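Inspection log for the structure reproduced underneath, given as structure tokens.
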Amino acid sequence: MRRTARSSGRWAVGFQVRALWTKTCTPSASIAAARPGTFCMPPAEEIWAPAITVPAYGGHLRTRSQRRSEHGRPLLVRDVRARIGTFPCMTVRVRFAPSPTGFLHVGGVRTALYNWLFARHHGGVTVLRIEDTDRERETAGAIEQIQRSLDWLGLDFDESPRTGGPHSPYLQSERADRYQTAVDQLLEQGLAYRCYQTPEELEAARTAARHTDDPAAPTRLHRDLTAEQISRFEGEGRPAIIRFRTPLEGETVVEDLVRGRIAFEHRLLGDTVLMRGGGDPTYQLANPLDDMAMGITHVIRGEDLLPSTPRQKLLIEALGGTFPTTAHLSMILGPDKKRLSKRHGAASVEEFRDQGYLPHALVNFLALLGWSWDGATEIMSLEELVERFSLERVNSAPAVFDHQKLAWMNGAYLRELEAGAYTTALNAHLADADSPLAGNERLGELVPLVQEKLAAFGEFDALAGSLLDEREPDPTAWAKLQADAQAPAVLDAAITMLTAISSFTPTAIEGALRGICDLLDLKPKHAFTPIRIAITGSTVAPGLYESIAFLGREQALARLQRARAAV
RNA sequence: GCCCCCAUCGGCUAGCGGCCUAGGCCACCGCCCUUUCACGGCGGCUACACGGGUUCGAAUCCCGUUGGGGGUACCA
């Protein structure tokens, strides 16, 4: 069953792109032949090999590369990709799991998008799960805002807090009993234990151990408490946290779809906290447990979560589950090469919407930030992205967010919009911005004048707002007008000429204005500037003839008179 | 400090040992078009971080160095 990507809400028009000037790009035979939904590939045990825990020998003496290649010849990223890039007979299930600590930022969107594209490409299922295990950090309304942003982008999730699904609930705060059950089981099997350290004791031990050869030691201090010690701590009324009993030797190897094989030594991992003193689960417990419970097959997430991967894998395997295949996406950076954040300006989806970006332009741009199809194709519809996307082509290097290219791409999409769709979308933007121009019945007439000039709807008001509204002229432009010695003569001539012509069309107006050039022996460039400032109040505006025609004779003359009086 | 990831033009990237005197897009700089701003067209600038290997041959494989990023939480 092939799903059709769709947008939602009034921004749907953003997807009606008239023409795509993509460079030649024929879908590869393998993609064309791929059957959505299921994948058969022998032998399954090679893919799901549980091994991965191998004895360490002189662990810290070996280099990363040595560990990586110790099983024989050097293991290349592409070897790993080739091995686990195809899947046994199963349905792909991915999840996007944001925590409701704020708005959805571009990094999160890209993660959501890659998950979504991967699932749709393989005919799989998308799950939206909210990771609200830390209620203190939760922001009011964040869940709704995240959902709204995803809706706007056209990323629909098959299972979510809103839609429900076979693995409800999709809010971690409502799954407490499951986490408790798992912890009880681990405790019973001795795979987890109670730790009575106070935060202060832990911190002190950590500081002391920082420069030793076993920096993770402080997490293991209560790993083997005697019965007496336990009853003493209990007697003191100390709250216990639950820690995972991480193996002391050996290492866990993760085979990542974008990074290849990565080995982590157990002794450096320490004993992960699964449950807080208050009995709340931590991310380290809830996240992998839910992935297992929800049948997640592929975890596609940010590189910042890479270091916690071995802990999660260990936990899932301790619980008898199979760790999903992972794909860790590199970070999105600001111009200063630091991780992108609010400091770098627009970072939330809502800001882009407010500035008048089309959802698909953002999607297209983000798809290309860390992934490419052929190195040449830039503009792709959602359907094309779904068809072409693959984790194999995801770049492992971090990427700087290029605002200028996004603006260019948005302009490209805007220019390809049908006039009607353009008008609808522009109007929707103005309405969202509470602009008095929203609903103006002459908006459509202005579209041909501005369409090729705007990179985003947010620029509309500054460019053409003065044609719909009487407003104060730009001071700089006005000063320029007043300083222009030719202005009085030019404006007088314009008033005369525009009064005289019989029909008030752009063509007739052009003729009249050209007449001024002859009359005063001025180049159009010089003659038109005062007129443009008089008419639009700015040096930057839509075509002069069209603007004057749009205003109509009465209004145009009034503006020329006003300017004449000022010079 | 320790662990992990990463490294091609200013930015996004193509490149999987010979097709590379390194291609595309954005940005930038010229020129053309032109009533401003854009759009469009043409041209230009500029990159394989460095040092060692492996190989007949390396941007591509290996090692190291340097640099950047991430993690090191009873955050996610």
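These numbers come from a predicted model, not from an experiment. Note on naming: letters A, B, ... go to the chains in the order of the sequence lines (proteins, then strands), and numbering restarts at 1 for each one. Computed over heavy atoms, backbone and side chain alike; hydrogens, waters and symmetry mates excluded.
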* Protein-nucleotide distance (A:Y545, atom OH; B:U35, atom C1'), rounded to Å -> 5 Å
* For A:I495, enumerate each residue passing the side chain to side chain contact (heavy atoms under 4.5 Å, CB included) test, keeping only those at least two apart in sequence or located in another chain. => A:T499, A:L557, A:L560, A:Q561, A:R564
* Does B:G1 have OP1 or OP2 sitting under 4.0 Å from an N or O in the side chain of A:R206? -> no
* Which whole-number value in Å describes the distance from A:E546 CD to B:U34 P? -> 15 Å
* Within the structure shown, what part of the strands sits under 4.0 Å from A:P542 by heavy-atom distance: base, sugar-phosphate, or nothing? -> base
* Full working for side chain to side chain donor-acceptor pair (under 3.5 Å) between A:H222 and A:Y193 -> CA-CA 8 Å; A:H222 288 194; A:Y193 63 91; over 6 Å; no
* Please work out if A:Q284 contacts a base, only the sugar-phosphate, or nothing of the nucleic acid, heavy-atom cut-off 4.0 Å. => base
* **Interatomic spacing from CZ in A:R311 to OG in A:S308 - rounded to 0.5 Å** => 7.0 Å
* To do: Could you measure between the two C1' atoms, the one in B:C4 and the one in B:A47, and give it in whole Å?
  => 28 Å
* Across all strands, who's sitting opposite B:A7 as a Watson-Crick or G-U wobble pair, both distances under 3.5 Å? -> B:U66
* Asked: With rounding to whole Å, what would you report as the distance between B:C62 and B:C29 at their C1' atoms?
  -> 42 Å
* **Interatomic distance, A:W408 CH2 vs B:A38 C1' [rounded to whole Å]** => 15 Å
* Could you tell me whether A:E303 contacts a base, only the sugar-phosphate backbone, or nothing, with contacts defined as non-hydrogen atoms closer than 4.0 Å? => base
* Identify whether any heavy atom of A:A541 sits under 4.0 Å from a base atom; if not, whether one sits that close to sugar-phosphate; answer base, sugar-phosphate or nothing. => base
* Asked: Using atom C1' of each nucleotide, how far apart are B:A14 and B:C33 to the nearest Å?
  -> 32 Å
* For A:S372, which contact category applies under a 4.0 Å heavy-atom criterion: base, sugar-phosphate, or nothing? -> sugar-phosphate
* Asked: So, the side chain of A:T377 versus the backbone of A:W373: is there a donor-acceptor pair under 3.5 Å, distance only?
  -> no
* To do: Could you check whether A:L544 gets within reach of a base, just the sugar-phosphate, or nothing at all, counting any heavy atom under 4.0 Å?
  => base
* Respond yes when some side-chain nitrogen or oxygen of A:T539 is under 4.0 Å from OP1 or OP2 of B:C37, and no when none is. => no
* **hbond_proxy A:K453 side chain to B:C39 base (donor-acceptor, 3.5 Å cutoff)** => no
* How far does the P atom of B:G18 sit from the matching atom of B:A58, given to the nearest Å? -> 12 Å
* Asked: Between A:D336 and A:R210, which has a closest nucleotide on RNA chain B that is more 5'?
  -> A:R210
* Asked: P atom, B:A59 versus B:C50: distance in rounded Å?
  -> 11 Å
* Does any non-hydrogen side-chain atom of A:V253 lie less than 4.5 Å from one of A:I262? -> no
